Peer 1: 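Below is the structure I would like to discuss, written out as structure tokens.
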Amino acid sequence: QVQLVESGGGLVQAGGSLRLSCAASERAFNYYTMAWFRQAPGKGREFVAAISWSGDSTNYAEFVKGRFTISKDITQKTMYLQMNSLNPEDTAVYYCAADSLAAMGHEQYQYNYWGQGTQVTVSS
């Protein structure tokens with residue numbers, strides 16, 4: 001069974017930083033592409049970043065390049081999203097996703113497993 005549990009969201013001022021965590025079951029962590037998506041109020045869910053099962057490959061949405069970093073910790077079986085230089089437009093619920101066939105994809109339909117989400121609010 002694949003389980004994904006996000007944590008680390010909260011309220012931060014513009015320009016600040018947060019680190020999101022996604023604790024994953026062993027199967028997901030070791031064999032699946034994992035990704036972060038986000039959904040702002042009144043908007044659709046959008047891709048943020050993805051990391052390969054090995055952790056060797058990553059890709060990012062253009063709007064987060066240079067500000068966010070996705071990574072994996074083997075010992076903790078946890079994926080992270082380090083978010084720096086946050087702005088109010090980053091306010092959203094952030095979701096962890098995983099799938100064996102996603103191949104670093106940017107589309108929701110490519111991921112069959114999702115966490116419950118964690119709220120990130122950036123104040124101006």
Side-chain angles (χ1 to χ4, degrees):
Q1 186 175 358
V2 175
Q3 292 184 324
L4 304 169
V5 180
E6 302 98 331
S7 61
L11 174 64
V12 64
Q13 288 188 331
S17 298
L18 279 176
R19 188 178 76 162
L20 305 183
S21 300
C22 174
S25 57
E26 184 168 1
R27 176 180 166 188
F29 188 86
N30 289 340
Y31 301 111
Y32 289 13
T33 291
M34 297 182 70
W36 289 98
F37 286 74
R38 71 184 187 185
Q39 187 165 15
K43 296 187 177 181
R45 196 170 297 188
E46 63 181 353
F47 172 80
V48 175
I51 188 165
S52 63
W53 64 269
S54 65
D56 292 342
S57 297
T58 60
N59 68 52
Y60 297 90
E62 283 297 321
F63 57 80
V64 301
K65 280 185 179 179
R67 299 191 300 129
F68 292 7
T69 303
I70 191 171
S71 62
K72 297 175 72 173
D73 183 325
I74 294 174
T75 59
Q76 300 294 324
K77 289 193 171 37
T78 299
M79 176 180 68
Y80 299 103
L81 185 68
Q82 177 66 44
M83 306 187 294
N84 299 328
S85 302
L86 286 162
N87 58 63
E89 290 71 37
D90 295 315
T91 294
V93 177
Y94 283 71
Y95 296 91
C96 172
D99 200 273
S100 61
L101 299 177
M104 309 286 283
H106 290 210
E107 303 297 334
Q108 288 186 63
Y109 72 82
Q110 294 175 290
Y111 296 85
N112 282 312
Y113 303 99
W114 294 84
Q116 81 287 355
T118 186
Q119 176 70 48
V120 171
T121 303
V122 184
S123 63
S124 58

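In this text, all values refer to a predicted model and were calculated from it rather than measured experimentally. Below, all heavy atoms of this structure are taken into account, side chains as well, without hydrogens, waters or symmetry copies.
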Peer 1: Give the cluster check for Leu11 versus Val122: same hydrophobic cluster or not, with ILVMFWY residues linked at side-chain heavy-atom distances below 4.5 Å.
Peer 2: no

Peer 1: Could you grab the distance from atom NE2 of His106 to atom CD of Glu46, nearest 0.5 Å is fine?
Peer 2: 12.0 Å

Peer 1: If you group Ile, Leu, Val, Met, Phe, Trp and Tyr by side-chain heavy-atom gaps below 4.5 Å, do Val120 and Val64 land in one group?
Peer 2: yes

Peer 1: How about Gln119 and Thr91: do any of their side-chain heavy atoms sit closer than 4.5 Å?
Peer 2: yes

Peer 1: Is a donor on one side and an acceptor on the other found under 3.5 Å between the side chain of Lys72 and the backbone of Asn30?
Peer 2: no

Peer 1: Find the distance between CG (Leu81) and OG1 (Thr118) and round it off to the nearest 0.5 Å.
Peer 2: 11.0 Å

Peer 1: Is there a donor-acceptor contact under 3.5 Å from the side chain of Gln82 to the main chain of Arg19?
Peer 2: no

Peer 1: Closest heavy-atom contact between Ser17 and Ser85?
Peer 2: OG-N, 4.4 Å

Peer 1: Does atom CH2 of Trp114 have more than 12 heavy-atom neighbours from other groups under 6.0 Å away?
Peer 2: yes

Peer 1: Does Gln116 reach the main-chain N or O of Glu6 with its side chain, forming a donor-acceptor pair under 3.5 Å?
Peer 2: yes

Peer 1: Does a side-chain heavy-atom distance below 4.5 Å link Met34 with Ile70?
Peer 2: no

Peer 1: Is any side-chain heavy atom of Arg67 less than 4.5 Å from a side-chain heavy atom of Met83?
Peer 2: no

Peer 1: When you look at CZ of Phe63, are more than 12 heavy atoms from neighbouring residues, nucleotides or ligands closer to it than 6.0 Å?
Peer 2: yes

Peer 1: Which atom pair, heavy atoms only, marks the closest approach of Leu4 to Tyr113?
Peer 2: CD1-O, 3.5 Å

Peer 1: Any heavy-atom pair between the side chains of Val48 and Tyr95 that's under 4.5 Å?
Peer 2: no

Peer 1: Please name the pair of heavy atoms, one in Gly9 and one in Leu20, separated by the smallest distance, quoted to 0.1 Å.
Peer 2: N-CD2, 3.6 Å

Peer 1: Hey, any chance Tyr109 and Phe47 share a hydrophobic cluster, counting ILVMFWY side chains that come within less than 4.5 Å of each other, even indirectly?
Peer 2: no

Peer 1: Is there a donor-acceptor pair closer than 3.5 Å between any side-chain N or O of Tyr111 and the backbone N or O of Gly105?
Peer 2: yes

Peer 1: What closest approach, in Å, do Thr78 and Ser21 show between heavy atoms, and which atom pair accounts for it?
Peer 2: CG2-CB, 3.9 Å

Peer 1: Check whether any side-chain N or O of Asp99 sits under 3.5 Å from a backbone N or O of Asn112 as a donor-acceptor pair, and report yes or no.
Peer 2: yes

Peer 1: Could you report the tightest heavy-atom contact between Val2 and Ala28, atom names first, then the distance?
Peer 2: CG1-CB, 3.7 Å

Peer 1: When clusters are formed by joining ILVMFWY residues with side-chain heavy atoms under 4.5 Å apart, either directly or through shared neighbours, do Tyr60 and Leu86 land in the same one?
Peer 2: yes

Peer 1: In the single-linkage hydrophobic clustering (I, L, V, M, F, W, Y; side-chain heavy atoms under 4.5 Å), do Ile51 and Phe68 co-cluster?
Peer 2: yes

Peer 1: Is any side-chain heavy atom of Trp53 less than 4.5 Å from a side-chain heavy atom of Tyr32?
Peer 2: no

Peer 1: Can you name the closest pair of heavy atoms from Ser52 and Asp56 and give their distance?
Peer 2: OG-N, 3.3 Å

Peer 1: Is Asn59 reaching over with its side chain to a backbone N or O of Met104, donor-acceptor style, under 3.5 angstrom?
Peer 2: yes

Peer 1: Okay, side chain of Tyr94, backbone of Gly8: is any donor-acceptor separation there less than 3.5 Å?
Peer 2: no

